[in-house]
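First comes the structure, then the notes that go with it.
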Amino acid sequence: MAMIKSRKHAHTRFQQHMSAALAAMLLPVAAHAAEAAAAPEADQAQPQTLKEVQVNASRENDFKAERAASAKYTEKLVDTAQTLTVIKKELIEQQGATTLTEALRNTPGVGAFFLGENGNTNTGDAIYMRGFDASSSIYVDGVRDIGSISRDTFNIEQIDVLKGPAGTDNGRSSPTGSINLVSKQPKLENAYLGSATVGSGKQRRATADINTIIDADSGTAFRLNLLDQDSENPGRDMVKAKRWGVAPSVAFGLNGPTRVYLNYFHVKQDNVPDGGVLTIGLPGWTPPADIAAVPATATPAKSFAFMANAATVNPKNFYGSVLDHDNVKADMATVRVEHDFAGGARLVNTSRYGKTQQDYLLTAFMATNTNLAANTAATNPSDWTMLRTNLTTKDQENEILTNQTTLTADFTTGALKHTVVGGVELTHEKQTNYLYANRAPAATAGLPATSIYHPNPHTPITSAQVNLQRSGGRNDGTTNTQSVYLFDTIKFGEQWIFNGGVRVDHYNTTYNAIAVQAAATPQLIPVGTLVGSSIEASDNLVNGKLSALYKPTADSSVYALVASSKAPPGSANFALSAAANSAANPKFDPQETTNYELGSKLDLLGQKLSLSAALFRTEVKNEVEQDPVDAQYYQTGKKRVQGIELSVTGEILPKWLVSAGYVHQNTSVESGKVVTASGDNQLSYTPKQSFTAWTSYTLPFGLQIGGGARFSDKLARGTDGAVGTPQYANSYWVFDAMAAYPINKHVDLRLNVYNLADKEYVQAINKSGYRYTPGTPRSASLTANFKF
């Protein structure tokens, strides 16, 4: 497996592949440029009412969306002054994407690149976007959803990916954007859909989407989405994704001015987590320095000699145990009320209670020289074993209770047309982590060692070795937030659109840490006594955005944007700290982000195809850094991400669809310590270049063929002092293919083949470089879709 190669050669190959891919997709656009240029004039010649009917019929296709779902974005995407990608369910279904992480491959530079730190492994949707962790900026229908869960696509209508600070839209958030999942809602139609999938890795999955009209006169409809999946991983032993879900919803008044939606969502997951694979033998890996320095006459030196040319381990190897599990239960109840006033104003009120529980155990490992020295007498590499030193537990509960009220109104002042969106949001969020202790009498002996090259997860583990129980200690954090926001979109004539927005959040965070006193203290505290501490922080966060957009034609725009975002200490995990060397200390100011963006958008071919380009710069300051001289911590860190992003989405020709994107970004630490193991001045887990493309074409006799390509540049890992481990993962290309055919009007079959070239690559790497997640090898799935 190759991880580290010449940057020059990697970029040359990238340019060759991307040039070919872009040429194939954009050649028809050039051929039809004249038609696109003439289309607006033809439309303008039509009567206004006829023009609107024609546009509504032609704009929608399976890939291109006209608008984002949020009420805060009142304009079409072509008139929205920010990088905003909408991934529709039809594209997700074509690709056979079943999780949020898989669906996000349709926007470049967004993915799960970071495996974890030390022996810990990230769980749920650990998403990085433009250099920063965006896992705490995931929303469902505009409401934050922070549970550690791998989100499924069975109840998703579309995914809105906002890039750049979203503080004005959502409050505290990732410096580089947010992700909003839009749920399926009842409609006034009878539709009965279902699917069944089998595939590599013993994949078994079934879904149902049932929509029925209860009373057409009152506009009452019911929708039910169901999921059942029990699948292994085609590239990994033991790893398993088992889940089932149900999402009923009922709507009232769909044909009237007042609409009420009642939604419930429940999903249960019983997974086997993936702790990763040893990086031993991969390019960039060398024996640890202290091992290499052992005298040749010493027994350890003889034992470690093979490591200088150690072979790579099988990427399928599973180093955990039969104890490992990741059990998640999520519930979400939502009431949404919409009312259209006679004057054109619209009121939306959303109330939600959500709860996510996770019970997680991973037999983790770190391939340090200490662990590898378990069998110093074994000279044959195949006989080498490794200690599994960490039993990583996570017993976490997240709750959210929120009410959001938004009012949208249009009015005119002189020559200016205003669309104002104002709202109030009240939110209570709580996270509780229960602590565990190993009460086994022989716990100090640790778990049984396992083979490096032939691990056996079924090695017996007795209760004398492992007996994990709640210790009685816990950490819980609560944040209460009261927010008000106001946006004004001003249209001046037919060519100018200005937008300004401001949001004020008042938050109060309380963090309680309750620990178990392990031994008697001088104050004679008995063993097992609970001792605790409490920290509180509160403040006001003010964020804003301002943009100016010019429309050269009715279907194009050029814009400039500046926007901000702030994240106070402990905002991602509700954890505060009194330690002077912690970024979660409430004495520090909020992290501040400012985003600058210049862009252009263009709709072509009768508004069926969308092109966009954006230059962006994101500056993050108030990072907490340690001074190398006095070893004290100061809030002087500053980071920068800047680059260009291009995209094309929609229909090139009748029945020929495309979705593609490319991003080139330069990242740097402007002030503070370097964060990559290689010492390069860039941000970790952020590919410099990324490309993604998917296209499909339906032949006259019904056969649909499609395929896609993904490129990710080299991935620099973080640094924690590890020596001899790979400093970055190499760039890679992956190609997929799809074919679908309707058997009759009720049944169609779809075949998806992934990683056609069976490319071996690193999908994610941990901070120390001891472990990595292999990319999925060549695999396939066959899906039968039913509709009645």
query = With a 4.0 Å cut-off, would you call R352 and D141 a salt bridge?
reply = yes

inquiry  = Could you tell me if Y434 and S471 have a donor-acceptor pair between their side chains, going purely by distance under 3.5 Å?
reply    = no

message = Is the shortest side-chain heavy-atom distance between T489 and E75 below 4.5 Å?
response = yes

Nearest-0.5 Å distance that lies between atom OG in S671 and atom NZ in K639 = 11.0 Å

query = Have Q591 and N622 got a donor and an acceptor in their side chains that come within less than 3.5 Å?
reply = no

query = Under 3.5 Å, is there a donor-acceptor pair between the N666 and Q642 side chains?
reply = no

request  = Indicate whether any N or O donor in one side chain lies under 3.5 Å from an N or O acceptor in the other, for S731 and D713.
outcome  = no

query = Under the side chain to side chain contact (heavy atoms under 4.5 Å, CB included) criterion, do L115 and I765 qualify, and how do the steps go?
reply = CA-CA 5 Å; L115 178 57; I765 190 167; 5.7 Å; no

Ion pair check, D125 and R151, cut-off under 4.0 Å = yes

task = Report yes or no: do Q358 and D395 form a side-chain donor-acceptor pair below 3.5 Å?
result = no

query = Taking 4.0 angstrom as the limit, do K621 and E619 come out as a salt bridge?
reply = no

Donor-acceptor contact below 3.5 Å, side chain T279 vs main chain G769 = yes

query = Does any donor atom in the side chain of E397 or Q357 lie under 3.5 Å from an acceptor atom in the other side chain?
reply = yes

task = Compute whether any side-chain donor of one residue and acceptor of the other, for T618 and N595, lie under 3.5 angstrom apart.
result = yes

inquiry  = Going by side chain to side chain donor-acceptor pair (under 3.5 Å), T83 matches just one of E645, K601, K163, E597. Which one?
reply    = E597

request  = Please check if the side chain of R771 supplies one atom and the backbone of G275 the other of a donor-acceptor pair under 3.5 Å.
outcome  = yes

query = Side chains of Y139 and R144: donor-acceptor distance under 3.5 Å anywhere?
reply = yes

note = Rounded to the nearest 0.5 angstrom, the CG-CZ distance for N433 and F574 is 10.5 Å

query = If every non-hydrogen atom of T481 is compared with every non-hydrogen atom of T479, which pair is closest and at what distance?
reply = OG1-CG2, 3.6 Å

inquiry  = Is there a side chain to side chain contact (heavy atoms under 4.5 Å, CB included) between Y596 and T594? Walk through the geometry before answering.
reply    = CA-CA 7 Å; Y596 307 93; T594 305; 3.5 Å; yes

task = Evaluate side chain to side chain contact (heavy atoms under 4.5 Å, CB included) for V140 paired with V143, printing each intermediate quantity in order.
result = CA-CA 5 Å; V140 176; V143 178; 5.8 Å; no

task = Classify the angle between the aromatic ring planes of F114 and Y128 as parallel (below 30°), tilted (30 to 60°) or perpendicular (above 60°).
result = perpendicular

request  = Establish, for the pair R130 and F616, whether the NZ or CZ atom is under 6.0 angstrom from the six-membered ring centre and no further than 45 degrees off its axis.
outcome  = yes

message = Using modelled atom types and a 3.5 Å cut-off, is there a donor and acceptor pairing between side-chain atoms of R717 and backbone atoms of N766?
response = no

task = Assess the side chains of S178 and N170: does a donor N or O sit below 3.5 Å from an acceptor N or O?
result = yes

inquiry  = Quick one about T478 and T510 (side-chain donor to acceptor, distance below 3.5 Å, no hydrogens or angles considered), yes or no?
reply    = no

ask   = For S148 and V328, which heavy atoms make the closest approach, and how far apart are they?
value = O-CG2, 3.8 Å

message = With heavy-atom distances below 4.5 Å as the criterion, would you say the side chains of V277 and T773 are in contact?
response = no

ask   = Does a donor on one side chain and an acceptor on the other come within less than 3.5 Å for S612 and S647?
value = yes

request  = Start with the C-alpha gap between D505 and S483, add the side-chain angles, then the distance that decides, and say whether side chain to side chain donor-acceptor pair (under 3.5 Å) holds.
outcome  = CA-CA 4 Å; D505 298 280; S483 309; 2.4 Å; yes

inquiry  = Given 3.5 Å as the limit, does a donor-acceptor pair link the side chain of T719 with the main chain of A677, or not?
reply    = no

task = Determine yes or no for a side-chain-to-main-chain donor-acceptor pair under 3.5 angstrom, with N585 supplying the side chain and A579 the backbone.
result = yes

inquiry  = For the residue pair S173 / S137, report whether a side-chain donor-acceptor contact shorter than 3.5 Å exists.
reply    = no

ask   = Would N512 and D476 count as having a side-chain donor-acceptor pair, cut-off 3.5 Å?
value = yes

request  = Taking only Lys NZ, Arg NE, NH1 and NH2, and the carboxylate oxygens of Asp or Glu, determine whether K638 and E670 approach each other closer than 4.0 Å.
outcome  = no

ask   = Going through the checks in order, is the side chain to side chain contact (heavy atoms under 4.5 Å, CB included) test met by L104 and N106?
value = CA-CA 5 Å; L104 289 176; N106 291 291; over 6 Å; no

Donor-acceptor pair, side chain of S547 and main chain of A560, under 3.5 angstrom = no

ask   = Out of curiosity, S668 OG to L683 CG, how far, rounded to the nearest 0.5 Å?
value = 7.0 Å

inquiry  = Can a side-chain donor-acceptor contact be found between N543 and T168 if the only test is distance below 3.5 angstrom?
reply    = no

inquiry  = For the NZ atom on K430, are there more than 12 heavy atoms of other groups (residues, nucleotides or ligands in this structure) within a distance under 6.0 Å?
reply    = no

request  = Identify whether NZ of Lys or CZ of Arg in K714 sits under 6.0 Å from the centre of the six-membered ring of Y728 and within 45° of that ring's axis.
outcome  = yes

message = Can a side-chain donor-acceptor contact be found between E425 and T427 if the only test is distance below 3.5 angstrom?
response = yes

query = What are the two closest non-hydrogen atoms of A583 and P569, and how far apart are they?
reply = O-CB, 3.6 Å

ask   = Between T686 and S684, is there a donor-acceptor pair closer than 3.5 Å when you use the side chain of the first and the backbone of the second?
value = yes

message = Let me confirm one number: the OG1-CG distance from T509 to D539, rounded to the nearest 0.5 Å.
response = 10.0 Å

task = Kindly indicate whether the side chain of S534, heavy atoms from C-beta on, has any atom under 4.5 Å from the side chain of Y511.
result = no

S136 versus A572, closest heavy-atom pair with distance = OG-CB, 4.0 Å

query = Just wondering, do T402 and L426 contact through their side chains at under 4.5 Å, heavy atoms?
reply = no

remark   = Taken to the nearest 0.5 Å, the spacing of K545 NZ from S565 OG works out to 10.5 Å

ask   = Quick one: do the Q482 and N480 side chains pair a donor with an acceptor below 3.5 Å?
value = no

query = Roughly how far apart are I179 CD1 and I138 CD1, rounded to 0.5 Å?
reply = 5.0 Å

ask   = When you measure from the side chain of Q82 to the backbone N and O of L561, does any donor-acceptor pair fall under 3.5 Å?
value = no

query = With ring centroids as reference points, do Y761 and Y732 lie under 6.0 angstrom apart?
reply = yes

ask   = Does S571 use its side chain to pair, donor to acceptor, with the backbone of P568 at less than 3.5 Å?
value = yes

query = L646 and A613: which non-hydrogen atoms are nearest, and at how many Å?
reply = CD2-CB, 3.5 Å

ask   = Do N180 side-chain atoms and G142 backbone N/O form a donor-acceptor pair below 3.5 Å?
value = yes

task = For S174 and F132, work out which heavy atoms get closest and say how close.
result = OG-CB, 4.2 Å

query = How about D169 and Y73: does a side-chain donor come under 3.5 Å of a side-chain acceptor?
reply = yes

query = How far apart are the C-alpha atoms of K688 and Q682, what are their side-chain angles, what is the distance that settles it, and do they pass the side chain to side chain donor-acceptor pair (under 3.5 Å) test?
reply = CA-CA 9 Å; K688 186 172 184 178; Q682 63 185 80; over 6 Å; no

